[in-house]
Amino acid sequence: MKKIVVLGGGYGGVVTSKHLAKLFKKEKDVEIQLIDRNPYHTLLTELHEVAANRAPEDSVKIELKKIFAGQKVDVVLDSIDAIDFNAKELRSELNTYKYDYLVIGTGCKPTFFGIPGAEEHALTLWSYEDAVRLKEQVRNKFSEAAKVRNAAKRRKMLSFVVVGAGFTGVELVGELAEFRDELCKEFFIDPSEVRLVVADMAPKILPILPDKLIQKAAKRLHKMNVEIITSAKITGVTPTSVQLGEGQELEADTIVWTAGVEGSELVGKLDVKQEGRKRIVTNDKLQSIDHENVYIVGDNIFFIPEGETRPVPQMVENAEQAGPLIAHNIHADIHGKPKKSYKPGFHGTMVCIGSRYGVANVGLPNKMFMLSGFMAMFSKHLINMYYLFTVAGFAKVWTYMMHEFFHVNNRRSFVGGHFAKRSPNFWLLPLRIFVGYKWLEEGIDKLPKVWKDPSNIFLIPASPNADVISAASEAAGEVTKTVDAQAAASAVESASTAVTALPVPGFIKSIVGWFMDVFFYTSDGGYTALATVFQFFMVFAEIALGVMIIVGLFTAIASAATVALGVMIWSSSMASTEMLWYMTAGVALIGGSGSAFGLDYYVLPWLKKQWKRIPLVRRWYLYTE
């Protein structure tokens, strides 16, 4: 029995464990264990959204046991205090864990560079708890300031300083600028009274981005009334100020430190070679150079790739690329196969400045593209959703889309509030009943005809080889007897009438014509048996759709089917302009119209509960939260 222990449920630990589970899926003599002090994986790159009240608190957490449901990973909640490399043991206050292979991915913590008072008096943004604490602090300061009349005291309470103008600091202060506007409305405070500052000891903000993007980011921050202070000689932090040396200081009741990180407390105590700020030195296989059965992932890696002068950056993509390689190398070692060397190829960086604007330098390792505004935000969301899909599948992507695009307040999304749900669904009830009635009426009107004479095909256009005059006369007769849109349009195709069919592009006509020739038409211009079956299906589909829409059962599916049916009729050159009404009404009803005064209100919650109990569904995350 081989036991692999992954220490840390961050980006690196989760990705590594997922790949280990896949590689050792069928090997009963291999045990995989993931140990973390928290029961959830934290999306550290999204903490600023929670801190500034853009996203709900639970949006940055994914339960570890949910991530590994049905997979070969045993999730253990514990806080490891020490590692004995010689005995191959991890030790906590109460337990000891043996391992044959160890993956260390405990991540980082904020570093304060020895600046007096920084650790004691500044808030940080490096955990879920930090984000919640900061949000409460900001809201409380606005609430308290609204009751204060002393101008100096009020100004200090409404001053917020972010120390560190890297990605975390800039993203945070951008979000706070939007949060400020919301809180000013809530507490009746003039926005001009609020001071937001981002300060850094470096000569410019976001130093790893090209100067052109730095200038755009700075311009955006200025537009949001954020002060930028660079080349600041920060000498100390007090409970109410940041000291800049030479007697200068920034007064503020809220100071947030985002100026840098170092290895976790546990890593700092380990007897392994370290470089940088407590990063473990590895070889090209990402093994600790001191212990070949110990691998390092994520921010804990100190490795300089061949041809480079700097170590791999402490960023999520590094963890995403290192995890699969480590899993492969452990699998290769167990099976006596060659290991791979780590050759990372990073695809750029991006930063959002508030919810509606961002800058990004992305592309291929040897060809980068500078993006700003909508496209930068689009790429950031796309990459976030890709990561979430690999970790927790459709379930987490759906949740992410909800809080980023649909359940947003104050237009805090890069697509504004255009997709935000605002109107209650009961306003759609009259439309739902009417659309359902129209489908039901259509189907019931046609049912006696198909029942009496199944060979009488009137919902499929006549073959081009058939008697055109006869077909036209029959279609014209149908127009006078019924409001059937299909028959009316068919009449237009074969005989000149007052009704006009919707135009269809030639290439679609040819595709549909080929399909009908194969499945519906005989060589002598008649109809196949399949055409009869299809006509029956169409009529009963209209009746079924009508009933489902009226009673509000699986309304989204029925409404989508309405649109699909309309498109199918249009593509066959048999749709009158009335069909446009059916299709547009169907689109309007897709968004949960059956949840108000419909059976969906009762049926869908019950089905959702039963659906999540299916092992395959849980295994592939095919559900919504």
Side-chain angles (χ1 to χ4, degrees), residues 423-461 475 477-492 499 501-502 512 520 530-608:
S423 300
N425 286 329
F426 62 75
W427 290 116
L428 292 172
L429 179 62
L431 179 64
R432 195 187 86 210
I433 299 297
F434 185 65
V435 171
Y437 164 75
K438 291 296 290 182
W439 276 122
L440 188 61
E441 181 185 46
E442 290 283 340
I444 291 177
D445 181 64
K446 297 167 190 169
L447 185 60
K449 287 179 283 187
V450 298
W451 195 266
K452 181 179 180 181
D453 184 8
S455 63
N456 177 26
I457 306 298
F458 58 89
L459 292 181
I460 300 174
E478 291 295 331
V479 172
T480 62
K481 295 176 183 178
T482 178
V483 296
D484 177 11
Q486 296 94 317
S490 179
V492 175
V499 181
L502 295 172
V512 173
F520 293 158
L530 184 61
T532 303
V533 174
F534 178 78
Q535 181 165 268
F536 261 108
F537 168 79
M538 287 282 288
V539 172
F540 284 109
E542 289 180 351
I543 295 173
L545 288 177
V547 172
M548 290 171 66
I549 293 173
I550 289 173
V551 301
L553 179 62
F554 303 126
T555 320
I557 297 174
S559 301
T562 288
V563 178
L565 198 60
V567 171
M568 182 176 65
I569 295 169
W570 163 77
S571 67
S572 64
S573 302
M574 298 183 68
S576 68
T577 53
E578 183 183 4
M579 190 53 61
L580 289 175
W581 186 90
Y582 278 90
M583 290 190 287
T584 53
V587 171
L589 295 176
I590 288 176
S593 59
S595 62
F597 302 104
L599 293 182
D600 283 347
Y601 180 83
Y602 306 98
V603 174
L604 293 187
W606 181 84
L607 281 179
K608 183 177 178 181

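Please read all numbers here as calculations on a predicted model, not as lab measurements. Basis for what follows: all heavy atoms, side chains included, without hydrogens, waters or symmetry-related copies.
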Can you sort out the partners of [X] under side-chain contact (heavy atoms from CB on, under 4.5 Å), two or more places apart, ordered by chain and number?
| X | value |
| --- | --- |
| Thr532 | Pro454, Ile457, Phe536 |
| Ser559 | Thr555, Leu589, Ile590 |
| Ala531 | Ile460, Phe520, Tyr527, Thr528 |
| Tyr601 | none |

For the residue pair [X] and [Y], what are the closest heavy atoms and their distance?
| X | Y | result |
| --- | --- | --- |
| Ile569 | Met579 | CD1-CE, 3.8 Å |
| Val539 | Lys446 | CG2-CB, 4.0 Å |
| Met538 | Leu459 | CB-CD1, 3.9 Å |
| Asn425 | Ser595 | ND2-OG, 3.1 Å |
| Met574 | Pro461 | SD-CD, 2.9 Å |

Partner set under ring pair (Phe, Tyr, Trp, His ring centres under 6.0 Å) for Phe434, not counting sequence neighbours:
Trp581

Who pairs with Phe554 by ring pair (Phe, Tyr, Trp, His ring centres under 6.0 Å), at least two apart in sequence or on another chain?
none

Quick one: pull up OG in Ser593 and CG in Leu429 and give me the separation to the nearest 0.5 Å.
9.0 Å

To the nearest 0.5 Å, what is the distance between CG (Asp445) and CD (Glu441)?
7.0 Å

Using a strict threshold of under 4.0 Å (side-chain N to carboxylate O), is an ion pair present between Lys438 and Glu442?
no

Please lay out, stage by stage, how Ile543 and Leu440 fare under the test side chain to side chain contact (heavy atoms under 4.5 Å, CB included).
CA-CA 5 Å; Ile543 295 173; Leu440 188 61; 3.8 Å; yes

Sole candidate of Ile549, Ile550, Leu428 that passes side chain to side chain contact (heavy atoms under 4.5 Å, CB included) when paired with Val435
Ile549

Carefully, step by step, assess Val450 and Phe458 under the rule side chain to side chain contact (heavy atoms under 4.5 Å, CB included).
CA-CA 9 Å; Val450 298; Phe458 58 89; 3.9 Å; yes

